[in-house]
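In this text, all values refer to a predicted model and were calculated from it rather than measured experimentally. Start at 1 and go down the list; that is how both ligands and their atoms are numbered.
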Amino acid sequence: MNVKNKVVIVTGAGSGIGKATANHFAKHGATVVVSDMNVESAQIVADEIVTNGGTSLLITANVAKFEEVENLVAKTVAAFGRLDVIVNNAGIGPHLLRTHESSLKEWDQVIAVNQTGVFYCMKVALTQFLKQGHGNIVNVASLAGLKAAPNMISYSASKFAVVGMTKSAAMEYATKNIRVNAVCPGYTESALLDQLINAKPEMDAILKSVIPMKRYGKADEIADAVVWLASDNTKFITGQTITLDGGTSL
Ligand SMILES: NC(=O)c1ccc[n+]([C@@H]2O[C@H](COP(=O)([O-])OP(=O)(O)OC[C@H]3O[C@@H](n4cnc5c(N)ncnc54)[C@H](O)[C@@H]3O)[C@@H](O)[C@H]2O)c1
């Protein structure tokens, strides 16, 4: 996959899908800005990339804070002269409550990170992309952004929003050498999935039973698709959602 020398920001890169994505970009020769609100975990990922011969820079950012997103992109451009790709991956999981039981606080938190955070990152990155005349956005949405996902109303709302923002922005910038796509993972091994299963251990068997492949996805498998969408191998693809779910959506 051709992403050599591209300057790439990955948000939420300290864990799970983001960590795997940062490592995959580095393996393919990209310069990776490892960003997360958890500085310790992000530092480990940034250091690992350098140890393995790659190039990385750690920039801490909470994507729910607009000034921090502005700082993330500004520091990236100051360090490397441009931004070629942003992967909007940072996200928080659902609380497994029915809609009438959901708290206002949980709703606000999930929307702030998963939806508004993606909007902030798109807005700031697109401003830079227009200045330099090219760019590429890969949003990490979810199967829950395409299909009904009961007992996770805020998560479902946020991920449908990410799919909508992906398609709308793809049309807005299609003539500007800027592509916008999304991946929609099904259940994927990560801290987020662990949290869900720890809260309701019976969910493990239930979830696996509805996946035709009878296993969870691996973060590396999602990362492969993200890097592919960001690469020069997919120049005519924009506004698309790639579903990676072991057949669940079938
Ligand atoms: N794991 C799954 O089953 C699954 C399925 C579909 C979609 N997703 C999506 O994939 C993305 C990554 O999730 P994961 O499963 O790797 O989870 P994870 O919990 O392993 O990693 C999420 C990372 O995002 C960071 N983060 C959280 N809030 C942040 C914020 N406000 N600003 C910056 N960083 C923040 C965390 O510190 C963490 O490092 C999320 O958007 C999630 O919704 C996950």
- Message: Show me the pairs that pass side-chain hydrogen bond (donor to acceptor under 3.5 Å, both in side chains) and involve residues 160-172, at least two apart or across chains.
- Response: Asn139-Thr166

- All pairs passing side-chain hydrogen bond (donor to acceptor under 3.5 Å, both in side chains) where residues 174-187 contributes a residue, at least two apart: Arg179-Thr234

- Query: Do Tyr155 and Ile111 come close enough that some side-chain heavy atom pair is under 4.5 Å?
  - Reply: no

- Applying side-chain contact (heavy atoms from CB on, under 4.5 Å) between Trp228 and each of Asn2, Ile242, Val183, Val138, report the one that passes. Ile242

- Message: Please output the residues near ligand 1 using a strict heavy-atom distance under 4.0 Å, listed in chain and residue-number order.
- Response: Gly12, Gly14, Ser15, Gly16, Ile17, Asp36, Met37, Asn38, Ala61, Asn62, Val63, Asn89, Ala90, Gly91, Ile92, Val113, Val140, Ala141, Ser142, Tyr155, Lys159, Pro185, Gly186, Tyr187, Thr188, Ser190, Ala191, Leu192

If you look only at distance, which donor and acceptor atoms sit under 3.5 Å apart when one is on a side chain in residues 57-77 and the other is two or more places apart or in another chain?
unit_1, atom_1, unit_2, atom_2, d
Asn62, OD1, Ala64, N, 2.9
Glu68, OE1, Asn62, N, 2.7
Thr76, OG1, Leu72, O, 2.7

- Task: Before accepting this row, confirm whether a basic side-chain N of the pair Lys6/Asp232 lies closer than 4.0 Å to the acidic partner's carboxylate O.
- Result: yes

